[in-house]
Amino acid sequence: MKLLAGKVAIVTGAARGIGEAVAIKFAEEGANIAFTYVSDSSKEKAAALEQKLQALGVKAKSYQSNAADFAACEAFVNEVVKEFGTVDICVNNAGISKDNLLLRMSDAQWNEVIQVNLNSVFNMTKQVIRPMMKAKSGSIINMSSVIGEMGNAGQSSYAASKAGVIGFTKSVAKELGSRNIRCNAIAPGFVETDMTSYLKEGEGADKYKAGIPLGRFASAEDIANVTLFLASDMGNYITGQTISVCGGLNI
Ligand code: NAI
């Protein structure tokens with residue numbers, strides 16, 4: 001029996017990177033997938049992923065929807081419930097970084113990161129808990145970051161947004177545990193995706209890898225594996241937790 005057979009899963013920002021790896025992993029385990037992308041330039045990638053997921057034998061649909069926009073999230077989740085019947089799993093993955101030293105950071109840069117990384121998690125969670133409460137079950141997984149736990153020079157907005165996600169996750173777990181809705185966060189370390197493409201091989205990469213006990217960056221699949229664990233019944237008694245998937249970077 002596949003771990004997510006027949007479940008309906010939402011993944012935000014899944015046209016590439018960690019979100020894409022999560023969508024594929026979930027589909028391989030039998031979940032039907034509704035995923036979002038935001039920019040016109042991601043349209044082709046989203047269509048290709050939709051086909052790839054369908055070829056795995058599940059129902060899959062992509063939606064162009066901005067996770068940072070409250071009304072858009074409401075419309076998106078309503079559409080998913082109409083099309084798929086319910087929402088069992090929600091992975092709040094969409095995120096950005098706009099790194100700058102505090103001295104040089106504008107309020108626009110700060111607000112954009114908080115809006116996309118933190119407000120999006122509120123926007124989506126607020127919507128998906130309605131069908132989950134009706135079903136008396138659900139699993140919400142929020143993509144935080146090891147930077148939200150440790151902080152990092154040049155990443156104050158990113159760190160604040162990801163630390164906010166951890167506090168939000170714990171609160172939702174306390175509010176909705178009695179309804180059998182679990183809410184957890186994952187705190188990845190450095191993951192090889194477009195977001196970290198500035199960490200090319202060579203001296204820069206070697207410097208970062210030297211600080212990681214496992215001596216390498218994560219693959220998107222490393223993160224998808226833990227997301228699957230938390231989404232499935234394997235993680236049935238886990239809620240309010242932040243699981244670090246960082247190769248030991250935070251110890
Ligand atoms: P990525 O940049 O490759 O993918 C992020 C995706 O989110 C993109 O497809 C982007 O279009 C989408 N997105 C951005 N804003 C959106 C919005 N408003 N609405 C909907 N979609 C939106 O990044 P990656 O690496 O796959 O990151 C995924 C998540 O994991 C992010 O939340 C990121 O902060 C987090 N993370 C990534 C780490 C890394 O080293 N790559 C480390 C720790 C956390």
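Atoms within a ligand are numbered from 1 in the order they appear, just like the ligands themselves. Residue numbers count from 1 along this sequence.
At a heavy-atom distance under 4.0 Å, only side-chain atoms of Val116, from C-beta outward, approach ligand 1. Residue contacts with ligand 1, taken as heavy atom pairs separated by less than 4.0 Å, do not involve Ala14 at all. Counting heavy atoms under 4.0 Å from ligand 1, residue Phe217 does not touch it at all. Of the heavy atoms in Glu192, none comes closer than 4.0 Å to ligand 1. Only the side chain of Thr196 comes within contact range of ligand 1, with a heavy atom under 4.0 Å; no backbone atom does.
The number of heavy-atom neighbours closer than 6.0 Å to CG of Leu102, taken from other residues, nucleotides and ligands shown, is 12 or below.
Judged by distance alone, the side chain of Arg182 and the main-chain N or O of Ile238 form a donor-acceptor pair under 3.5 Å. Side-chain atoms of Thr242 do not come within 3.5 Å of backbone N or O of Ile186 as any donor-acceptor pair. At distances below 3.5 Å, not a single donor-acceptor pair connects side-chain atoms of Glu50 with backbone N or O atoms of Lys61.
Between the side chains of Asn119 and Gln115, at least one donor N or O lies within less than 3.5 Å of an accepting N or O. If you check the side chains of Glu192 and Ser219, you find no donor sitting under 3.5 Å from an acceptor. Asn250 and Ser244 form a side-chain donor-acceptor contact under 3.5 Å, judged by distance and modelled atom types alone. A donor-acceptor contact closer than 3.5 angstrom links the side chains of Asn142 and Thr169. Side-chain N/O atoms of Lys7 and Asn32 include no donor and acceptor closer than 3.5 Å.
Within ligand 1, counting atoms from 1 as listed, the ones closer than 4.0 Å to a heavy atom of Gly13 are 6 (C), 7 (O), 9 (O), 12 (C), 21 (N). Atom numbering of ligand 1 starts at 1 in the shown order; those under 4.0 Å from a heavy atom of Phe190 are 40 (O). Those atoms of ligand 1 with a heavy atom of Asn66 less than 4.0 angstrom away are 17 (C), 18 (N), 19 (N). Every atom of ligand 1 is numbered from 1 in the order shown, and the set under 4.0 Å from a heavy atom of Ser65 is 19 (N), 20 (C).
The shortest contact between atom 27 (O) of ligand 1 and any protein heavy atom is with Ile18 CD1, 4.0 Å. Here the protein heavy atom with the shortest distance to atom 11 (O) of ligand 1 is Val38 CG1, 3.9 Å. Ranking the protein heavy atoms by distance from atom 4 (O) of ligand 1 puts Arg16 NE, 3.6 Å first. Protein heavy atom nearest atom 5 (C) of ligand 1, with residue, atom name and distance: Gly95 O, 3.8 Å. Distance from atom 22 (C) of ligand 1 to its nearest protein heavy atom, with residue and atom name: Ala94 CB, 3.5 Å. The shortest contact between atom 42 (C) of ligand 1 and any protein heavy atom is with Gly189 O, 2.9 Å. Of all protein heavy atoms, the one closest to atom 40 (O) of ligand 1 is Val191 N, 2.8 Å. For atom 25 (O) of ligand 1, the nearest protein heavy atom (residue, atom name, distance) is Thr193 OG1, 2.5 Å.
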Exercise for the section: For side-chain contact (heavy atoms from CB on, under 4.5 Å), just list the numbers for Val165 and Asn117, CA-CA rounded to whole Å, side-chain angles, deciding distance to a tenth of an Å, and then say yes or no. Expected result: CA-CA 8 Å; Val165 166; Asn117 292 1; 5.6 Å; no
Exercise for the section: Begin from the C-alpha positions of Asp99 and Arg104 and carry the test salt bridge (charged side-chain N to carboxylate O under 4.0 Å, His left out) through to its verdict. Expected result: CA-CA 10 Å; Asp99 300 345; Arg104 294 196 201 118; over 6 Å; no
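The option from Ser41, Ser144, Ala15 that lies nearest to atom 44 (C) of ligand 1, judged by heavy atoms, is Ser144.
Geometric assessment of Lys209 against the ring of Phe217 yields a positive cation-pi assignment under the 6.0 Å and 45° thresholds. A cation-pi contact, defined as under 6.0 Å to the ring centre and within 45° of the axis, links Lys59 to Phe84.
Within the 4.0 Å cut-off (strictly below), a protein heavy atom is located near atom 33 (C) of ligand 1.
For ligand 1, one of its N or O atoms has an N or O atom of Asn93 under 3.5 Å away. Considering backbone and side-chain N/O of Tyr158, one or more are found under 3.5 Å from N/O of ligand 1. For ligand 1, none of its N or O atoms has an N or O atom of Asn117 under 3.5 Å away. Of the polar atoms of Ala67, at least one N or O is found under 3.5 Å from an N or O of ligand 1, judged by distance alone. For the pair Lys162 and ligand 1, the shortest N or O to N or O distance falls below 3.5 Å.
One finds the OH atom of Tyr63 at 10.0 Å from the CZ atom of Phe35 (value rounded to the nearest 0.5 Å).
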